[in-house]
Amino acid sequence: MGAKIRLGILGGGGDSLIGVLHRVASSMYDQFQIVGGVFNPIWEENIGFVEKIGLPTNRVYIDFDTLIEEELKLPEEERMQVVSILTPNFLHFPMAKKLLENGFNVICEKPMTTTFEEAKILESTLQKSNAVFAVTYTYTGYPMIRQMREMIANGDIGKVQKIDAQYYQGWINPIIHDKEKRANTWRLDPEKGGISCCIGDIGTHAFDMIEYVTQLRVEKVLADLNYVYSDNKMDVDGTVLLHCTNNVKGLIRTSQIATGEENSFSVNIYGEKAGLKWQQENPNHLYLLEDGQPLRVLKPGHVYNSELSLEGTKLPPGHPEGIFDSMGNIYKGVAKAIRNEPYNHGEFPTMTDGVRGMNFIERAVESHQKGNVWINID
Ligand SMILES: NC(=O)c1ccc[n+]([C@@H]2O[C@H](COP(=O)([O-])OP(=O)(O)OC[C@H]3O[C@@H](n4cnc5c(N)ncnc54)[C@H](O)[C@@H]3O)[C@@H](O)[C@H]2O)c1
């Protein structure tokens, strides 16, 4: 390995939820070095935060346009090689587009953009560049999720015949019933969040996860969404029926008003021979279910796991992997791609996954608005 990859960060300041996850993840395998960024739109908070966490301040910029302008003045061997976008959703597209147009690699939070149209524009922008582009569907980095993907690909559970993903949170419950609070939450503002809250924020994780572990494609959706109040423009709960390739049927159950739930994301895939179940709040256990057999629990770090799974495990069995490790594994895959080293396509989600995620959000909302009808995704 040569020098560390120079990483810039957009968003993720002291007031953010996701910033710390990216900072820790990027440092996990000693591959990246954060050299600067714009962590907050207010200068005092931006620079104050950087001073507080002890990063160098000389490449902290007042805003995104200044970052591009100043970084381009630097010689290539000093310039940021990759920039992570951790801002609210509406900024992902303009930032990612300009970064790609100016030769930067990009790591972008999900949902990738606010519309499918923007996602397609971004895809064609990427095609004109040589850049690496990753979308952080964080949970695909877990070792036991990677194991699930490999087992399904190897035929260990036989032909997939039922898919069930549930993603329940409760954090919007105390907000949705208070008019003032719901007016001040960016995820409930279409200008900042896009056309959907619940499906856009967490339904996309479930959608991507289904396609990641099964390597099937969702072809059609039928959605029933819940907005709770007529003045609320963004869904906070919904159920989506799925038709996938190979005539496989499934569903996504998703809610942000599941009172008291924290981050209850689970994926259950049933095949003709066996079933696999995984829960995000207990991510080191992958349950293998078989007709007439005792339940088996597979765990990370053991030799029975696939190479892809073991690649994402740093310590021997019995040392639990968590959400930081999962994101760290995505950064590790991106580092390989930037360094032109070989990597498995399961190591990080790409532009294709981001575009499909946006297609899913729009089609789910369309299905609901048209009276709960089936809508094709492709
Ligand atoms: N992968 C995951 O599992 C996951 C989890 C949570 C959030 N997210 C995504 O991460 C993104 C951010 O979510 P969050 O919960 O951290 O949001 P947040 O509101 O907690 O934080 C957003 C941050 O962006 C900063 N910011 C806003 N405008 C900016 C600008 N113009 N320039 C620079 N910084 C700016 C804010 O100051 C803040 O620090 C969203 O797109 C969200 O969907 C992903």
Side-chain angles (χ1 to χ4, degrees), residues 8-26 36-50 52-53 60-68 83-96 98-99 106-114 118-119 134-142 145 167 169 171-172 175 184-189 191-209 212 234 254 256 262-265 280-281 283 322-331 348-349 353-354 357-358 361:
I9 305 246
L10 296 167
D15 55 342
S16 83
L17 185 154
I18 207 73
V20 64
L21 186 51
H22 284 260
R23 290 195 300 281
V24 173
S26 66
V38 185
F39 296 81
N40 196 289
I42 300 164
W43 174 248
E44 290 71 29
E45 289 179 23
N46 184 14
I47 196 75
F49 174 68
V50 172
K52 188 172 153 211
I53 63 170
V60 177
Y61 301 105
I62 191 146
D63 58 25
F64 170 63
D65 291 324
T66 312
L67 178 145
I68 298 274
V83 179
S84 290
I85 305 173
L86 322 180
T87 58
N89 304 349
F90 73 106
L91 293 166
H92 297 179
F93 172 68
M95 287 176 165
K98 193 162 176 181
L99 285 164
V106 176
I107 297 172
C108 185
E109 261 303 346
K110 47 52 56 182
M112 189 173 78
T113 55
T114 52
E118 285 177 352
V135 182
T136 45
Y137 288 114
T138 319
Y139 308 111
T140 59
Y142 276 115
I145 283 296
Y167 201 150
Q169 298 179 331
W171 71 272
I172 292 191
I175 293 171
N184 291 321
T185 299
W186 73 254
R187 281 186 168 83
L188 293 175
D189 176 357
E191 296 278 309
K192 296 196 171 134
I195 58 166
S196 163
C197 178
C198 185
I199 294 295
D201 199 21
I202 58 177
T204 38
H205 273 299
F207 171 84
D208 180 73
M209 181 62 86
Y212 179 81
M234 304 283 264
T254 181
Q256 291 173 315
E262 295 172 340
N263 202 37
S264 181
F265 180 22
Q280 200 285 142
E281 292 181 357
I323 187 77
F324 288 90
D325 305 87
S326 184
M327 185 70 97
N329 289 335
I330 289 177
Y331 270 82
F348 67 89
D353 302 298
M358 290 314 302
I361 296 167

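One is the number of the first residue; the rest follow in order along the sequence. What you are looking at is a predicted structure, and each value in this text was computed from that prediction instead of being measured. Both counts, for ligands and for their atoms, begin at 1 and track the order of listing.
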Answer yes if the side chains of [X] and [Y] hold a donor-acceptor pair under 3.5 Å, and no otherwise.
X	Y	answer
Asp63	Thr66	yes
Gln280	Tyr142	yes
Asn263	Gln169	yes

Checking a contact table here: which protein heavy atom is nearest [atom], and how many Å away?
atom	value
atom 2 (C) of ligand 1	Thr138 OG1, 3.3 Å
atom 41 (O) of ligand 1	Asn89 OD1, 2.6 Å
atom 26 (N) of ligand 1	Pro41 CD, 3.5 Å
atom 39 (O) of ligand 1	Asp15 OD1, 2.7 Å
atom 33 (C) of ligand 1	Val38 O, 3.4 Å
atom 43 (O) of ligand 1	Lys110 O, 2.8 Å
atom 16 (O) of ligand 1	Ile18 N, 3.0 Å
atom 44 (C) of ligand 1	Glu109 OE1, 2.9 Å

List every atom of ligand 1 that sits less than 4.0 Å from any heavy atom of [X], numbering the atoms from 1 in the order shown and giving each element.
X	result
His205	1 (N), 2 (C), 3 (O)
Thr136	1 (N)
Asp201	43 (O)
His92	41 (O)

*With side chain to side chain donor-acceptor pair (under 3.5 Å) as the test, would you mind laying out the steps for Glu118 and His92 before giving the verdict?*
CA-CA 10 Å; Glu118 285 177 352; His92 297 179; over 6 Å; no
_My understanding is that only residues two or more places apart in sequence, or in another chain, count here; which of them pass salt bridge (Lys or Arg N to Asp or Glu O under 4.0 Å) with Asp208?_
none
For ligand 1, does [X] get within less than 4.0 Å through its side chain, its backbone, both, or neither, judged by non-hydrogen atoms?
X	value
Leu91	side chain
Arg187	side chain
Leu86	backbone

*asked:* Keeping Ser326 on the side-chain end and Thr138 on the backbone end, is there a donor-acceptor pair under 3.5 Å?
replied: yes
*Kindly say whether Tyr61 contributes a backbone atom to a donor-acceptor pair with the side chain of Asn46 at under 3.5 angstrom?*
yes
Does even one non-hydrogen atom of [X] get within less than 4.0 Å of ligand 1?
X	answer
Trp186	yes
Pro111	yes
Glu45	no

*Would you check whether Met327 has a nitrogen or oxygen atom less than 3.5 angstrom from a nitrogen or oxygen atom of ligand 1?*
no
*Any N/O of Leu17 closer than 3.5 Å to an N/O of ligand 1?*
yes
*Could you tell me whether Lys98 atom NZ has more than 12 heavy atoms of other residues or ligands within 6.0 Å of it?*
yes
Closest approach of [X] and [Y], non-hydrogen atoms and distance?
X	Y	result
Gly141	Asn329	O-ND2, 2.9 Å
Leu67	Leu10	CD1-CD2, 4.1 Å
Glu109	Ile18	OE2-CG1, 3.4 Å

*Test ring-ring contact (aromatic ring centres under 6.0 Å, His included) on Tyr139 and Phe265 and set out the steps.*
CA-CA 9 Å; Tyr139 308 111; Phe265 180 22; 5.3 Å; yes
